[in-house]
Protein chains: 2
Amino acid sequence: MHADTRQQIVAAADTLIYEQGYATTSFAHIADAVGISRGNFWHHFKSKDEILDAVIAARLDATRAMLAGWEACADEPRGRLRCFVQMLLDHGEAIGRHGCPVGTLAGELGKLAHPLHPRVAELFALFRGWLRQQFQALGHGPARADALALHLLMRSQGVAVLAQSLKDPVFVRREVRDALAWIDAQAPEAAPRRRRAPRYHRSPR
Amino acid sequence: MHADTRQQIVAAADTLIYEQGYATTSFAHIADAVGISRGNFWHHFKSKDEILDAVIAARLDATRAMLAGWEACADEPRGRLRCFVQMLLDHGEAIGRHGCPVGTLAGELGKLAHPLHPRVAELFALFRGWLRQQFQALGHGPARADALALHLLMRSQGVAVLAQSLKDPVFVRREVRDALAWIDAQAPEAAPRRRRAPRYHRSPR
DNA sequence: GTCTATAGATTGATAGAC
DNA sequence: GTCTATCAATCTATAGAC
């Protein structure tokens with residue numbers, strides 16, 4: 001083929017980086033996956049990091065599309081938030097094997113203080129902003145909506161990390177159920193704001 | 001030196017693996033850190049994986065000692081659970097830079113289906129069992145205590161992952177506060193078990 | 001635009017002198 | 001027990017033919 005070789009490289013690199021990490025993924029691996037020669041890479045990219053940059057850009061686009069899809073799927077914010085949590089079940093098998101694509105890559109690049117780590121952090125920012133919008137649509141103020149967004153994002157990351165080592169679908173299902181119940185309890189109308197009232201959470205399940 | 005060279009190797013490898021990951025850590029790095037020659041490693045270890053195995057064993061010992069220390073620090077289960085959560089603040093700077101030592105290594109080895117991944121999972125099992133004991137001491141049954149233990153473990157992992165990319169101490173402090181409030185709400189006496197009662201959680205903060 | 005050939009460095013690991 | 005010297009493989013990257 002001719003034109004979309006670059007795109008094939010990015011797609012193969014995306015998969016390999018997710019499945020085995022960035023440091024472990026070599027040009028030889030990608031070349032085998034795409035079916036091209038090693039020396040062919042430097043016509044499309046100047047360095048390995050440049051491939052990573054393209055992979056991150058592709059993931060940012062895919063994430064934006066996914067978030068837009070969730071908005072089309074449900075017209076009320078609670079339903080949209082449920083889509084986010086449901087993701088843990090939809091991709092349960094992949095998460096159990098390779099963890100969260102965002103969290104694991106961010107962790108690897110963060111350790112190395114890699115110059116592209118901030119780019120991966122933009123993926124987190126994308127989810128954070130979208131979740132914050134949903135909580136604001138539920139009636140929360142910007143600051144509280146942001147805190148709730150980060151809390152839900154934190155839960156998804158924690159579940160993904162443990163899912164990879166526990167290999168226990170029951171754990172994931174229970175935490176998903178708990179997160180959904182937590183969402184339902186976050187609407188200001190469902191949780192009347194009595195200032196300084198004793199907090200009262202039961203979870204999980 | 002003579003006798004404790006092996007111990008020095010393990011200590012240096014432990015630090016480097018935490019700071020930059022296992023795949024990225026080479027014999028050259030460890031040799032520089034310890035101040036020995038590269039060829040000297042194979043008198044103490046047969047392979048790189050054998051060093052990793054020794055590092056994991058050392059971490060298991062250190063974790064057991066840490067858990068025992070928390071038991072000595074507080075004689076009631078709630079105080080001990082607070083020690084666990086407090087860990088996120090005590091090691092906040094390191095977690096912000098390199099993530100959780102357990103979670104990040106488990107993630108890296110899990111991706112590769114590395115033969116030593118189950119050994120790292122033992123670290124999770126250590127925390128899980130200890131946390132379950134504390135929740136049982138609070139009066140919870142074994143199954144529910146285990147679920148609560150995993151939930152708290154999940155939170156610690158989620159906070160660690162996001163802390164590394166957000167670099168926002170406010171987020172960590174808020175989630176720590178929320179986790180502490182969650183712990184206080186988990187005592188059966190604090191949360192009377194009305195079967196099928198509507199769950200009511202507010203968090204974070 | 002894709003290939004082969006190769007450079008130059010680094011990897012994990014071995015052999016053998018001291 | 002530690003060293004130097006070295007091996008074979010692999011790494012990212014380059015040069016140049018087609």
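From a predicted model like this one, the values you see are computed outputs, not experimental measurements. Just so you know, these numbers use all the heavy atoms, side chains as well, and skip hydrogens, waters and symmetry mates. Convention: sequence-line order gives letters A, B, ...; per-chain numbering from 1.
- As rounded to whole Å, 13 Å separates atom P of dT12(D) from atom CG of Leu52(A).
- For Gln86(B), the side chain to side chain donor-acceptor pair (under 3.5 Å) criterion is met by Asp90(B), not counting sequence neighbours.
- Atom CZ of Phe45(A) and atom C1' of dT2(C) are 15 Å apart (whole Å).
- When the side-chain nitrogen and oxygen atoms of His43(A) are compared with OP1 and OP2 of dC3(C), none of them lie within a distance under 4.0 Å.
- Arg82(B) has a carboxylate O that lies under 4.0 Å from a charged side-chain N of Asp184(B), or vice versa, which qualifies the two as a salt bridge.
- Rounded to an integer number of Å, the gap from CD1 of Ile9(A) to C1' of dG1(C) is 11 Å.
- Nucleotide dC11(D) holds its P atom 10 Å from the CG atom of Asp32(A), rounded to whole Å.
- Here Thr5(A) reaches the OP1 or OP2 of dT2(C): one of its side-chain N or O atoms lies under 4.0 Å away.
- Within 6.0 Å of CZ on Arg64(B) lie more than 12 heavy atoms contributed by other residues, nucleotides or ligands.
- Of the candidate nucleotides dC3(C), dC3(D), dT2(C), dC3(D) has the atom lying nearest to any side-chain atom of Ile36(B).
- Electrostatic pairing of Asp178(A) and Arg155(A) counts as a salt bridge here, judged by a charged N lying under 4.0 Å from a carboxylate O.
- In this structure, a donor-acceptor pair under 3.5 Å is present between the side chains of Glu175(A) and His151(B).
- Here Lys48(B) pairs with nothing under the side chain to side chain donor-acceptor pair (under 3.5 Å) rule; sequence neighbours left out.
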If the sugar-phosphate is the primed atoms plus P, OP1 and OP2 and the base is the rest, what is the B/S/- string for nucleotides 4-18 of chain C, using protein heavy atoms under 4.0 Å? B------SSBB----
